[in-house]
Amino acid sequence: MANEKGLTPRGEDFAAWYNEVVLRAELADYSPVRGCMVIRPYGYGIWENMQRALDGLFKETGHENAYFPLLIPQSFIEREKEHIAGFAPEVAVVTHAGGKELEEPLVIRPTSETIIYHMFAKWVQSYRDLPILMNQWANVMRWELRTRLFLRTSEFLWQEGHTAHASEAEAQEETQLILGLYRRFMEDWMAMPPLTGLKTEAERFAGAVRTYACEALMQDNRALQAGTSHNLGQNFSRQFDFRFQTEDGGEDYAWNTSGGVSTRLVGGLVMTHGDDVGLVLPPRLAPVHVVVVPILRGDASEAVLAKARAVQDALAARGVRAHLDDRDTGTPGAKFWEWERKGVPLRVEIGPKDVEKGQLVVVRRYVADGQEKKSFLEESAAVDAVPGVLDAIQAAMLEDALARREANSHRGVEDYGRFREIIEGDGGFVYAGWCGSADCETKAKDDTKATIRCLPSEEFRSADAPQSCLVCGGAATAEAVWARAY
RNA sequence: CGGGACGUGGCGCAGUCCGGUAGCGCACCUGAAUGGGGUUCAGGGGGUCGCCGGUUCGAAUCCGGCCGUCCCGACCA
């Protein structure tokens with residue numbers, strides 16, 4: 001399976017390939033505790049860039065950051081019926097502290113709705129105190145039965161946005177706004193264009209009235225739920241006595257929303273753009289934009305190093321994250337492979353010949369159609385061109401990922417046999433009619449392991465609305481998108 | 001919790017059937033020569049073979065028990 005150079009070729013065994021990429025790019029490692037992942041500096045650098053971007057987007061929409069505690073009284077989690085039913089099997093519980101058994105066990109948050117709305121209730125008296133738009137960056141724990149680096153770890157890092165509003169309409173608007181924010185982030189930063197839509201009851205967040213999600217298609221044609229935005233209605237505010245006085249002097253329970261994206265996105269990035277060599281990063285999220293590799297040879301070494309430093313400085317002055325790999329071990333080739341494995345978008349090679357000719361060798365990690373991987377450019381022109389090239393790479397990666405998603409989206413599938421053929425064959429998104437019954441959803445899941453990823457948002461819906469249910473043939477009430485998912 | 005496989009230096013493995021006191025590749029350390037796509041040579045460090053017990057003169061190897069990991073399912077961002 002593994003090719004001569006060590007990595008498992010994509011396609012032959014996608015899961016093994018994925019793990020190899022994550023480990024060899026030094027994104028993460030296994031921890032001694034099952035299912036808990038150690039994020040290494042390089043992987044964390046990617047996450048940090050994601051955080052920065054998302055944090056900016058949230059602040060643009062008026063959110064403020066805050067922090068709520070890791071431990072939640074067990075009784076809080078149990079208050080909302082669907083919520084406890086959904087999360088009970090996977091919460092870790094602290095029973096002992098301070099050397100003795102606790103009177104009431106504490107759960108390690110699997111998500112923070114309960115503690116947050118408990119606090120909101122204390123802070124809000126009047127409609128004038130609303131809306132509250134809050135976000136927290138935190139870790140949560142869900143004791144999953146099976147785990148995968150980044151994609152499903154027992155503990156993960158995320159942002160969770162929580163809002164409270166005076167009206168149902170405003171909460172709904174917020175839910176859609178956040179969905180759009182996630183979508184924009186995935187497209188503009190990750191170059192991972194998702195499908196958006198409404199979750200079915202079976203897939204909805206435990207405790208929500210409506211859940212919307214971003215569903216991205218990975219290179220093995222399985223879907224990844226990459227972000228969710230929930231309209232919680234008054235489900236939590238009623239349980240946590242979160243009331244406020246209305247404009248007309250009455251009283252009402254607050255209308256809440258929540259949403260989140262996690263370190264899972266790093267896994268999505270790997271599975272969206274990685275290739276047989278390793279990781280491929282979109283420039284906007286790459287911890288290092290350009291790695292400068294000097295090729296040292298005898299007498300010329302000093303001049304080469306001086307040039308390499310000058311180039312690094314010039315790039316930094318243009319806002320480029322440039323790294324000089326001046327380690328004196330190994331050969332240039334070994335460094336080339338290492339940085340390619342790590343997905344660095346551009347490599348600049350500087351050797352004696354380049355110093356002599358006043359040129360730079362610029363090598364792209366991601367090669368779009370019709371481009372040369374390697375180019376030889378006059379030094380100052382090359383440096384000036386880098387920011388533009390990075391932007392172009394970012395754009396090309398999105399364009400290609402979008403084309404791939406569409407090429408693997410099957411619209412207007414009416415025949416159940418055909419549906420099975422696609423799902424059990426190459427996979428991808430299948431757009432089809434659905435009658436709205438959970439039985440049909442379950443039957444197809446049992447038959448094929450595919451689930452309804454979402455009922456697509458308007459702009460994703462097919463021009464010709466499907467008339468009949470894919471599974472039972474009855475009248476369709478909605479268009480549904482099916483896929484096998486992570 | 002059901003079905004399958006596996007636990008041997010940091011990583012990947014051989015050795016187990018047929019008991020004789022542990023080996024290979026990569027990585028690591030030292031030195032030298034190299035350096036434009038995974039350099040070469042020489043030297044070196046590191047493992048009580050998952051744990052406990054049994055059989056035996058002798059156990060990585062045979063027997064019993066336990067623990068753990070991975071894959072498939074159920075659960076899931």
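Below, read A as the first sequence line, B as the second, and so on, with proteins coming before strands; counting in each chain starts at 1.
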Between [X] ([atom1]) and [N] ([atom2]), how many Å, whole number?
X: A/E144; N: B/A74; atom1: CD; atom2: P; answer: 14 Å
X: A/R24; N: B/A27; atom1: CZ; atom2: P; answer: 11 Å
X: A/E356; N: B/G36; atom1: CD; atom2: C1'; answer: 13 Å
X: A/D326; N: B/G35; atom1: CG; atom2: P; answer: 19 Å
X: A/K445; N: B/A74; atom1: NZ; atom2: P; answer: 7 Å
X: A/E349; N: B/G36; atom1: CD; atom2: P; answer: 10 Å
X: A/E26; N: B/C11; atom1: CD; atom2: C1'; answer: 13 Å
X: A/K353; N: B/G36; atom1: NZ; atom2: C1'; answer: 5 Å

Next on the checklist: Suppose we call two aromatic rings close when their centres sit under 6.0 Å apart. Are A/F205 and A/H83 close by that rule?
Outcome noted: yes
Checklist entry - Do A/H230 and A/Y212 have ring centres separated by under 6.0 Å? => result no
Checklist entry - Just wondering, do A/F336 and B/G37 stack (centres under 5.5 Å, planes under 30°)? => result no
Charged N to carboxylate O under 4.0 angstrom, [X] versus [Y]?
X: A/E160; Y: A/R109; answer: no
X: A/R347; Y: A/E340; answer: yes
X: A/R309; Y: A/D313; answer: no

Checklist entry - For the base of B/G38, is there a side-chain donor-acceptor partner from A/E338 under 3.5 Å away? => result no
Interatomic distance at [atom1], [N] relative to [M], whole Å:
N: B/G65; M: B/C26; atom1: P; answer: 41 Å
N: B/A60; M: B/A22; atom1: P; answer: 9 Å
N: B/U8; M: B/C52; atom1: P; answer: 16 Å
N: B/U21; M: B/C28; atom1: C1'; answer: 27 Å

Next on the checklist: Counting runs of three or more consecutive pairs, Watson-Crick or G-U wobble, with each distance below 3.5 Å, where are the stems of RNA chain B?
Outcome noted: B:1-7 with B:67-73, B:10-13 with B:23-26, B:28-33 with B:39-44, B:50-54 with B:62-66
Over all strands shown, is [X] touching base, sugar-phosphate only, or nothing at heavy-atom distances under 4.0 angstrom?
X: A/T228; result: nothing
X: A/R347; result: base
X: A/F156; result: base

Checklist entry - Can you name the one residue among A/D446, A/D447, A/D439 that meets salt bridge (charged side-chain N to carboxylate O under 4.0 Å, His left out) with A/K443? => result A/D447
Next on the checklist: Pairing donors with acceptors under 3.5 angstrom, does anything connect the side chains of A/T153 and A/E155?
Outcome noted: no
Next on the checklist: Nearest heavy atom decides the nucleotide; on that basis, is A/K449 or A/L151 closer to the 5' end of RNA chain B?
Outcome noted: A/K449
Item to check | Parallel, tilted or perpendicular: ring planes of A/F76 versus A/H118, cut at 30 and 60 degrees | outcome: tilted
Checklist entry - A/K373 side chain: which of B/G37, B/G36, B/C75 is closest? => result B/G37
